[in-house]
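Note that the coordinates shown come from a computational prediction; the quantities given were computed from them, not determined experimentally. Note on naming: letters A, B, ... go to the chains in the order of the sequence lines (proteins, then strands), and numbering restarts at 1 for each one.
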Amino acid sequence: MQLSSVELKLLRRFRKIYTIIAFLVSLAMAAVLLLTVFNLPAFGKAGNPAENEVIGRYIGKGLEETGAVNIVAAVILDYRAFDTLGETLVLFSALVAVIMLLKDEPGVFTRRYRERSQFEPEKDQIFRSVAALLIPCLLVFSIYIIVNGHLSAGGGFAGGAILGATFILYNIAYGIEKARRFLNEKSFLRFITAALLFYCIAKGYSFFTGGNHLPSVIPLGLPGSIFSGGLILPLNITVGIVVACVVYGAFCLFNRGGL
Amino acid sequence: MEFHLFTNYVEIAAVILFSVGFTTLLFHQNLMKKIIGFNIMDTAIFLFLAAKGYIAGRMAPILVEGANDPALYINPVPSALVLTGIVVSVSVTAFALALVLRLYERYGTLHLDEILYLTRGEHD
Amino acid sequence: MALAHNIPFISIMITILAAVTSLLADKNRAARLCIGALTVVAFLSAILFAYLWQTGTSFTFSMGHFPAPWGNELQAGLFEALMALTFTVVMILSLVAGRERVVADIAPSRQGMYYLLCSLLTCSLLALIYTNDIFTAYVFVEINTLAACGIVAAKDTGETITATIRYLVMSLLGSGLILIAVSLLYAITGHLLMNDLLSSMTELAASGDYAMPCMVIMLFLAIGLAIKSALFPFHTWLPSAHGSATAASSAILSGIVLKGYIILLLKIFYRVFGLSFARDLRVADLLFVFGLLGMIMGSVFAVREKNLKHMLAYSSVAQVGYIFMGIGLSTDIGMVAACFHILAHAITKPLLFLAADGLMDVSGHSKNIFNMQGAARRNILAGIAFTIGALSMIGIPMFSGFVSKFYFVQGSFQNPDKMLVTLIVLALSTVLNAMYYLPVLVTLYLSNDEQSPHRHRQSANSRNYQSVMIIFILLNFILGMFYEPVIKALEQGLLMLGGAH
C-alpha cells in the first residue's frame, strides 16, 4: 500500500485525535457504570431484589415440576426453554454462516490446507500414544457430563464442548482421512439436522401443550435417577450432539475449509 | 438508599473490564484485537451476572437430598443466563473469526484502515 | 382458548423448521422451502390480524407449562400482528423479486445457505415482535445480527466482507450494551418477563429507588438498539452494508431488519418501563435530537452520493431518523406516526432497492448514477416503480410517505416545546429528499446517451419481478389512500401494547 507523505501525516494526526477520543469515551463509560454499580444492591447479600418468588418456585418446586435435581438445567431446559431454543439457533446460524464463508468449492482443495499442513504433526508417535490414552477417557467423561446434566453440574453445552474437543484431538492425531470414516460432511449435516429437528419437535410439543393448557404425557421419572427429568435428558443429549458438531465443524472449516 | 462503594467490588471489576472491552472493540484498528475486546466485554458481563447471583454462605443450586428450601441455595437464574450468554458469545466469535480469515486471505492484513483503503480501489 | 392464539408460536416454529431442514436441501429446494414457509406465516398472520381486529383483544401465550413470571411468554396484539404480516409479506416479495440477482451474485454452493439464513432472519424478527421476555429478545437479537451479517456476506466480494465486518463490529457494540442493560435490569428487579418488569418499574418509579440505574439501563438499551437500527451518529456501518449486498438483502435489511430493533425499543418503552416513566427518564429527548440530526444528515450524505445504492442506503438513515423523531416527540400521535412510517418505509425502500436493481441491470450493472442515463426508458416498469418510490419518500400526496409526514406534523402539534423545530426540520428534510431524488429521476428519464454502450439494451425482467413490482406499487397506493383503518389498527395496537386489553 502506497501512501503519499501528506496522506501519512493526516493519517497520523487523525490517529492521535482518535486515541484521545477513545480514551475519553472509555473513561466516561467507566465512570457512568461505576456510579451505577455503587447504586446497585449489595454483593452477596440475602434479600436483594433478585431473590424473589421466581427463585422461590424454581428451587422449592423445581424437582417436583421438572424432575431435575440440577435447578439450572431445569431453568434452561424447562422453565425458560424458549431462550435455550434461541441459543441453539444462534449456534446453528453461526455454523451456517461459517460454512458459507469458509467452505471451499469442491475441486479447489485447497490453498489453506497446503499452507497449514506443514505445521501439523505428521505421524508423531508421542502425540498419537497420548491421544490414544486420552480419547477414550474424554469420550466417557463427556458422555457422563451430558447424561448427568439434570443431576449434577454440566449438561449438553459443557459435555458437547468436551465431545467436540475429543473429535478435534482425534482429527489432529490421526489425520482427516481417518476422522472422515466416522464423521464426513454428509453425516455431519445429517446429525445436526436430525438433532435440531428432534429438539424443535420435542420443545414444540411442550410449548404447544403448555400454551393450550393441555397435560403433557411425558413421565418425569424417579427423582435422582438417570431416566428422570422428562424431556431434559433427551434434550441434553441433542444439545450435546449439536454443540459437539458445531465445535468440530468449526475446527475443520477453519483448518482446511471442509470436513 | 444506600451507597455500596466497597461491597460491590466484583461488580466494579466487571464494569471496568466491560469498559476496557467496549473501548477495544470500538476503537482498536486490528481486527483480531477487536474480537478479543468483544470477548473481554462479554466475559465482564458474565462476571457481573455471576456476582449478582451469588448469595453469601449458600450452596450451588443443585438440590441436596430432600432439601428444597430456597434459603439454602444461590440464585439459579443468572447461571442460566450466563450459560446462554457464553454460547452466544462463542457463536459470534466463530463468525467474526471466519470473516477476519476471509479478509486476511484476500488482503493480507488485519488492519481495518488498510483494508478499507484497499477496498476503495475495487469498486466504482 | 381460541385456536388463533397458537398463531405466533406456530409462525416462529414454521420458520425454524424451514431453516433447519434447508441445511439438507439443495439450493432450489431451500429457496422454495423458505418462500413457502414465509407464505404460510404471512397467511397465518393475516388470520391473526383479522381475529384480533374482530375481537379487539390482545393475549399472551405461555411457551411451556409454567405461567409468567416462571416461564417464557409470547404476547400478541393488533400492533404485533400487523407488523408480523407486513414483515413477512415484504420478505416474500423481496426474495421473489431478487431471486435472479441472487443467482447471479451468489455462488451456487452458497445459495441454499442464503435462503436458510433468510428463514432464520424471519424467525428472529417474528420472535422479536412477539416475545414478552427481555432476555429472549436479547437472544433473538443475536440471531438477527448473525443472519443479517450472513446475508450481506453471502455475496463474496472484498467490499461485502469488509462491510460485513464493520456491520458486525457495530452490532456487537449494540449487543454488549443491551446485554449489560438487561443484567442491570435483572439485578434491580429480579424479573425478565415484561409484565413483571413493568410492575417492578412502576414501583421503583413511585418510590424513587435506583433512579440512577434506571436511567442508565434505559440509556444503554436505547443506544444499543439505536446502533443496530442505524440512528444518525451510529449509522456509519449502514451505507456500505446495505449498498454492497445483493438486491434482495438490501431490500430486506433496509426495509424490515432495521425496524425489528425499533419495535423492540417500542416494546421496552411500553411494556418494560411504562410510557410515563420512560418519558420521565428523558431518553426520548435524546432520541428526538438524534432523529432530527439523522433526518438532515442522512439526506445531506445522500445528496453528495453518486452511487445509487449508497444513496438509497443514506436515505434509509434519514428515514430511521424520522421514526426516532416520532418516538421522541412523546405524543400519542407522534408514536402512531412513527409506527405508520415503519410500515410506509418497509414497503417503499424495498421497492426502491429492487427497482434500482432493475435499472442497473440495463446499465451494465454500474451503480453510478451518471451511467444510468435513460435507464428508465429501457426498463419501463422499474422506472415507474423507482419514480413512485421516490415520490413516496419525498412525501407527495397519494403515496404512503405523505401520510406519515402528515401525522408527524399532527403529532408535533401536541407537544408545543418540540413543535417548531420538528416542523422546520420536516420541511428542510423534504426539500433535501427532493434534492437527491429528483436529479436521479431526471437522469433516468433523459433520452438515451448516444455514446452509451447500453443504449440498445432491453430489460429482461422475469414475470415474478414484474408482478412483485406491481404489488409493491399497489401497496404503496393503498397505504397512501386508504390509511385510516391502518392508523386505527395502530392506535388500538399501541393501546394494547401499553396494557389495555
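- Heavy atoms from other residues, nucleotides or ligands lying under 6.0 Å from CZ of C/Arg29 number 12 at most.
- In this structure the side chain of A/Thr36 reaches within 4.5 angstrom of the side chain of C/Pro213, judged on heavy atoms.
- With chain A as the partner, the residue from C/Phe9, C/Phe66, C/Trp70 showing the most heavy-atom pairs under 4.5 Å is C/Trp70.
- Within the 4.5 angstrom heavy-atom criterion, atoms from both the backbone and the side chain of C/Ile143 approach chain A.
- Between the side chains of A/Ser206 and C/His65, not a single donor N or O lies within less than 3.5 Å of an accepting N or O.
- Between the CG atom in A/Asn39 and the SG atom in C/Cys214 there is a gap of 10.5 Å [rounded to 0.5 Å].
- Using a 4.5 Å heavy-atom cutoff, the side chains of A/Leu85 and C/Ile16 are in contact.
- Heavy atoms closer than 4.5 Å to chain A are found in the side chain of C/Phe220, but not in its backbone.
- Scanning both residues, A/Leu101 and C/Ala153, for their nearest heavy atoms gives CD2-CB, 4.0 Å.
- Proximity to chain A involves both the backbone and the side chain of C/Thr136, based on heavy atoms less than 4.5 angstrom apart.
- Between chain A and the options C/Met212, C/Met63, C/His191, C/Met113, the largest number of non-hydrogen pairs under 4.5 Å is found for C/Met63.
- If you look at A/Phe82 and C/Phe140, their ring centroids are closer than 6.0 Å.
- Note that CG of C/Asn6 and CG of A/Asn212 are 4.0 Å apart. Values are rounded to the nearest 0.5 Å.
- Looking at C/Pro108, there are no atoms closer than 4.5 Å to chain A (heavy atoms on both sides), in backbone or side chain.
- Heavy atoms of C/Tyr186 lying under 4.5 Å from chain A belong to its backbone as well as its side chain.
- By number of non-hydrogen pairs under 4.5 angstrom with chain C, the leading residue of A/Glu65, A/Glu87, A/Lys186 is A/Glu65.
- For a residue to count as touching a neighbouring chain, one of its non-hydrogen atoms must lie under 4.5 Å from one of that chain's; by this rule C/Leu177 touches chain A with the side chain only.
- The environment of CZ in A/Phe188 is crowded: more than 12 heavy-atom neighbours from other residues, nucleotides or ligands sit within 6.0 Å.
- Ranked by heavy-atom pairs under 4.5 Å with chain C, the list A/Asn48, A/Asn52, A/Val75 is led by A/Asn52.
- Heavy atoms of C/Cys123 lying under 4.5 Å from chain A belong exclusively to its side chain.
- Contacts between C/Leu192 and chain A at a heavy-atom distance below 4.5 Å involve the side chain alone, from C-beta outward.
- The two residues A/Ser93 and C/Leu117 make their nearest non-hydrogen contact at O-CD2, 4.3 Å.
- In terms of heavy-atom pairs under 4.5 Å with chain A, the best-connected choice from C/Thr145, C/Asp133, C/Leu74, C/Thr131 is C/Asp133.
- Between the side chain of C/Tyr114 and the backbone N or O of A/Met100, no donor-acceptor pair lies under 3.5 Å.
- If you measure heavy-atom distances from C/Ala137 to chain A, you find no contacts under 4.5 Å at all.
- Heavy-atom distances place no part of C/Leu219 under 4.5 Å from chain A, backbone and side chain included.
- The two residues C/Ile188 and A/Pro41 have their closest heavy-atom pair at CG2-CD, 4.2 Å.
- Proximity to chain C (any heavy atom under 4.5 Å) is shown, for A/Thr84, by neither the backbone nor the side chain.
- The most heavy-atom pairs under 4.5 Å with chain C, out of A/Leu196, A/Leu214, A/Leu189, A/Asp83, come from A/Asp83.
- No other option in A/Ala81, A/Gly204, A/Pro215, A/Ala94 has as many heavy-atom pairs under 4.5 Å with chain C as A/Gly204.
- Contact of the C/Met13 side chain with the A/Phe208 side chain is not registered, since no non-hydrogen atoms from C-beta on lie closer than 4.5 Å.
- Contact record, C/Pro69 with A/Tyr58: O-OH, 4.3 Å, taken as the closest heavy-atom pair.
- Counting heavy-atom pairs closer than 4.5 Å to chain A, the top residue among C/Leu146, C/Leu116, C/Val20 is C/Val20.
- Both the backbone and the side chain of A/Glu53 come within contact range of chain C, with heavy atoms under 4.5 Å apart.
- Between chain A and the options C/Ala19, C/Ala187, C/Gly190, C/Cys149, the largest number of non-hydrogen pairs under 4.5 Å is found for C/Gly190.
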